[in-house]
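These notes are about the structure you will find just below.
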Protein chains: 2
Amino acid sequence: MSLKELSQRLGLSQTTVSRALNGYPEVSERTRQRVMQLAREMNYRPNPSAKSLATGRTEHIGIVLPIEKNLFVEPLFGEYLAGVAQFLAEADMDITIIPTPFSQELEAYEQLAMSGRVDGLLISSPAVNDARVASLVGSNLPFVVHGRTHCDQAYSYCDIDNQGSFARATRLLIELGHQHIGFINGDHSLNYANDRYLGYKSTLEQYGITYDPSLCIQGEITEESGFNAAAQLLMHRPRPSALLISNMIFALGAMRALRQHGLEPGYNVAIIVHDDHLPYLQADKFDPPLTTTSSSIRKAGYEITKMLHHEIELGGNAPAKQQQLLEVDLIIRGSTRIRRN
Amino acid sequence: MSLKELSQRLGLSQTTVSRALNGYPEVSERTRQRVMQLAREMNYRPNPSAKSLATGRTEHIGIVLPIEKNLFVEPLFGEYLAGVAQFLAEADMDITIIPTPFSQELEAYEQLAMSGRVDGLLISSPAVNDARVASLVGSNLPFVVHGRTHCDQAYSYCDIDNQGSFARATRLLIELGHQHIGFINGDHSLNYANDRYLGYKSTLEQYGITYDPSLCIQGEITEESGFNAAAQLLMHRPRPSALLISNMIFALGAMRALRQHGLEPGYNVAIIVHDDHLPYLQADKFDPPLTTTSSSIRKAGYEITKMLHHEIELGGNAPAKQQQLLEVDLIIRGSTRIRRN
DNA sequence: GCACAAATTCAAAGCGCTTTGAAATATTAA
DNA sequence: TTAATATTTCAAAGCGCTTTGAATTTGTGC
């Protein structure tokens, strides 16, 4: 079923039918109804490739998925994607996932900027100095970064206040009397982890506590590395009386380590975790319920996509770059119930 | 940079340039080199929409993502997707994710079958009687199902032997002396969960143990529902001495419930879990290490995509439907170390 | 009834690629 | 050398849509 065939059956030109279908005003209501009805009956769907070729828009946003290192992002990726998808369902657009060997990532972005495969791009997990962003600011493909990076030119981003919220969490622990606070974090080359690190460190120093690098451990987001990190921290002397943990997966492993050492989380060791709202792993259901810095990564996916959509709609009208900081709540629960150690 | 421009610079026709680039034999090696080089220099990328329009292929495979209920699949979805992506990087194709309100899912599939947006489709989590499959077998869009469903016509699928592996796991528990085996499973309307249920039930009956429906609990894949299910099972009298658990997320919750009841997993209650190889949650690292039925869902994603790609390549040459069953290992670890209860 | 404007509709060009069928050139056999 | 064949190149049509600029129809005021 093509436009041509449809218009022949209607005894109208392709122009009129196309306009009727796309809601242009220069077609009479009577004709429009007639067209719409037959289109529905015939189950007509415009061919997307033809449409893209004619309009220059694909109605797809792109996400480059590095295939070697995606273990890394993964526990959060699905949830983030759900947020992206939720917005796109409203906008009636699709996601193009571009699987790319890590070694060819940059070229992939450069290609995308030229090829018109997608109308815009979403960038996740930026590094402190992100080469992808540096490359894209020079192109005219709309993109929004989930997180921030160091870049001398303006770019659109949607982030949370990682530094601020981890500063708050650290402050809370200090005010509860903790002097030795272990920190289990993501890789510091990633901006979000670096920001959290800065929030932690600066708050310690603000309270006159010397920052001890051996209390701060980086790792991939797996239960196991949470366990290993906690196990290592528990060997530290004096033993940390509190743990600050960058995500729920780490927390699982850390709590396993605590128990294995005969320590009860929340009683012998205070815990604060950053909670991205993985629906299958709820912080308030833990034993004890976990004190968290809390921010929905699904919401982030939704909001960043809304921003990208906005830039796409504006087209070449060089819109001001947007930036959005999503709320982070500090939710106090049982895992910080005791003071001191 | 278009083909036209490129061919003008070369003093060749578009035909020749197109053929040189696409490796057709009717162009001399000298010309081909010349073309390829300039194309590289100019950083030429053919416009994908134009290409699709001309060839009828998009180099995209589709995945419909129901946006309301995707909480459900999610913990496994990322890992599955990683496998899909891994194969597609080799085949140089992309994934189109089509976000769809659950209520419009079927129409979305029908549309896709007509519109030529994708070259093929991947179906996940089929129901026992799956309407999507029933609808697609009538179309000529290639698709492969991850799992199986009841359908009178042939279709391609890639699955694991859920029934067999859960039968084996149940048998192991029975032979270890367990008579009361609790089962925490996914929703029985989904075929994979139903198969597991059948494996469990038939094995019980085979050993002359009456199947007790109150020992079999269904739920969404969250830590919390694993906890609730286990808590409920522990109230059962006589108390089950073993738990069969459908995935690692459930297992987290179940073990929390056990501990809360003062029971030690593997000692007071035996546990077997199905392990999909979530890289961030490893069964052998649990405490105690978990006995599992083990099968990589990432591998499944890779294999199913390979199958789909094969069907796409074959095109209209009505290929025989393919079916593949991936291996499931029964790996015995500490969580089944004790006999009886 | 007519001239004029407004409302509808249309034919045709164009988006950037592939592919068919024909033309030009190079190669070989006699 | 010439005819016949093989090799290389080309012009043009077509994929299914949008959109421009023109043409047709309808409606208005006098």
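The shown structure was predicted, so the numbers you read here are calculated from the model rather than taken from an experiment.
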message: How many whole angstroms separate atom CD of A:Glu59 from atom P of D:dT18?
response: 11 Å
- line: CD (A:Glu110) and OG (A:Ser139) are apart, to the nearest 0.5 Å, by 10.0 Å
field: Exercise: do B:Thr15 and B:Ser18 side chains pair donor with acceptor under 3.5 Å
entry: no
task: Determine the interplanar angle of the A:His60 and B:His60 rings, folded into 0 to 90°, and report it as parallel if under 30°, tilted if 30 to 60°, perpendicular if over 60°.
output: perpendicular
query: Under the side chain to side chain donor-acceptor pair (under 3.5 Å) test, which residues partner B:Asp130, sequence neighbours left out?
result: B:Arg132
- prompt: When the distance from NZ of B:Lys51 to C1' of C:dT19 is rounded to whole Å, what number comes out?
  reply: 14 Å
Atom pairs and distances, side-chain donor-acceptor, residues 80-92 of chain A, under 3.5 Å, sequence neighbours left out:
from: A:Glu90; atom 1: OE1; to: A:Tyr302; atom 2: OH; distance (Å): 2.8
from: A:Glu90; atom 1: OE2; to: A:Tyr302; atom 2: OH; distance (Å): 3.0

message: Under 3.5 Å, is there a donor on one side chain and an acceptor on the other for B:Ser52 and B:Ser49?
response: no
message: Would you say A:Asp119 and A:Thr58 are linked by a side-chain donor-acceptor pair, where the criterion is simply a distance under 3.5 Å?
response: yes
- line: A:Leu21 CG to D:dT18 P, in whole Å, measures 8 Å
- prompt: Going by number, which of residues 25-44 of chain A have a non-hydrogen atom under 4.0 Å from DNA chain D?
  reply: A:Tyr44
message: Between B:Arg298 and B:Asp276, does any side-chain N to carboxylate O distance fall below 4.0 Å?
response: no
query: For nucleotides 10-15 of chain D, read 5' to 3', which letter fits each nucleotide if B means a protein heavy atom sits under 4.0 Å from the base, S means only the sugar-phosphate is that close, and - means neither?
result: BBB--B
message: Less than 3.5 Å apart, any donor N or O on the side chain of A:Gln33 or A:Glu29 sitting next to an acceptor on the other?
response: yes
- prompt: Does B:Tyr24 place a side-chain N or O at less than 4.0 Å from the phosphate oxygens OP1/OP2 of C:dT18?
  reply: no
query: Tell me, which pairs form a salt bridge (Lys or Arg N to Asp or Glu O under 4.0 Å) where one or both residues lie in residues 135-154 of chain A, sequence neighbours left out?
result: A:Arg148-A:Asp159
message: Between the opening five pairs and the closing five pairs of the helix from C:dG1-D:dC30 to C:dA30-D:dT1, how far apart are the helix axes, to 10°?
response: 40°
